[in-house]
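Heads up, the thing below is written out as structure tokens.
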2 protein chains.
Amino acid sequence: MRPKSDTLTGQELELMKVIWRTGRATVREVYEDLKTRRTIAYTSVQTMMNVLESKGHLRKEPGDRAQTYVPVRPQQTVVRSMVREFVDRVFDGSARPLLVHLLKEKGLTAAERKELQKLLDKEGE
Amino acid sequence: MRPKSDTLTGQELELMKVIWRTGRATVREVYEDLKTRRTIAYTSVQTMMNVLESKGHLRKEPGDRAQTYVPVRPQQTVVRSMVREFVDRVFDGSARPLLVHLLKEKGLTAAERKELQKLLDKEGE
DNA sequence: GGGCGCATACTAATTAATTAGTATTAACGA
DNA sequence: TCGTTAATACTAATTAATTAGTATGCGCCC
């Protein structure tokens with residue numbers, strides 16, 4: 001039996017990303033966005049958005065013609081909890097090995113390195 | 001319908017962690033380890049280990065009395081792919097925001113900071 | 001040999017999320 | 001008003017992983 005996910009699942013996150021990007025959206029708007037990338041039924045989007053609402057991630061507001069769905073929490077907050085859950089699950093709560101992993105991977109620009117250096121220099125920030 | 005997971009699911013990861021820790025294990029050994037932490041049936045462990053075998057994460061070897069399961073890939077390799085999948089999924093492939101997230105969280109010791117500084121200083125490592 | 005415990009193979013049920021169709025109502029434009 | 005499109009409510013089916021039981025075979029010890 002499938003355990004409940006503490007954090008956003010794959011599809012839930014896809015939908016939330018669309019809505020976070022625009023700030024608020026109707027089912028139709030999310031559907032139009034997603035269908036540019038893949039085949040999905042309008043009613044699938046509708047269902048998922050209602051699931052997200054019932055889970056407390058979205059709030060419904062009356063719109064001109066269609067209900068508008070608004071995120072309950074900012075993206076950063078939600079992503080933060082997802083990062084925490086990932087670190088707990090995969091690294092037993094310690095961020096250090098994850099940081100080491102990421103820094104050892106090529107892909108950071110010089111500017112990004114500088115920025116990260118700054119963050120590392122700040123004590124207790 | 002549940003999409004297939006590209007990476008280890010929650011329970012799969014729990015089992016793999018036990019086996020990575022010991023290097024190889026029988027169903028019984030994994031079962032004894034897990035049951036110290038939670039209620040689970042021996043046959044549940046058995047099933048999951050066979051699932052992991054069929055998925056290519058474990059290899060069966062004949063043992064003295066019980067078959068021994070051996071990881072096919074080292075933990076680091078598997079964890080690396082899980083990190084990649086996470087970054088792709090949550091951060092659209094860019095490690096930078098995840099690094100910023102992690103560095104802004106309190107929790108790193110001075111020694112850890114020093115270590116990370118070193119990694120940042122290394123060009124193209 | 002027999003009883004008991006363990007290992008293995010097989011089978012079945014459950015779950016949450018995912019996918020999407022149908023029916024009905026509402027809105028819009030001619 | 002009517003026809004068409006869109007929105008909403010509701011319903012149903014599917015999926016992969018998870019949980020675990022049953023039946024049988026094997027090993028050990030008395």
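Reminder, nothing fancy here: chain letters follow the sequence lines and each chain counts from 1.
- Here the nucleotide nearest the side chain of Met1(A), chosen from dT8(C), dA9(D), dT15(C), is dT15(C).
- Residue-environment remark: NZ (Lys114(A)) stays at or below the threshold of 12 foreign heavy atoms within 6.0 Å.
- Following rounding to the nearest Å, Arg65(B) (CZ) and dC28(D) (C1') show an atom-to-atom distance of 7 Å.
- If you measure from atom CD of Glu12(B) to atom C1' of dA16(D), you get 9 Å, rounded to the nearest angstrom.
- Close to dT14(C), at under 4.0 Å from its OP1 or OP2, lies no side-chain N or O of Arg2(A).
- At most 12 heavy atoms of other shown residues, nucleotides or ligands fall within 6.0 angstrom of atom NZ in Lys118(A).
- Side-chain atoms of Thr43(A) lie closest to dA20(C) of the nucleotides dT18(D), dT18(C), dA20(C).
- Per the geometry, CD1 belonging to Ile40(B) stands 7 Å off P belonging to dA20(D), to the nearest Å.
- Considering only the side chain of Gln46(A), dA9(D) comes nearest among dT19(C), dT18(C), dA9(D).
- Here dT8(D) is the nucleotide among dA20(C), dT8(D), dA6(D) with the atom lying nearest to any side-chain atom of Ala66(A).
- For Lys55(B) and dA16(D), the shortest distance from a side-chain N or O to OP1 or OP2 is not below 4.0 Å.
- Checking Tyr42(B) against Ser44(A), the closest nucleotide of DNA chain C that is more toward the 5' end is the one next to Tyr42(B).
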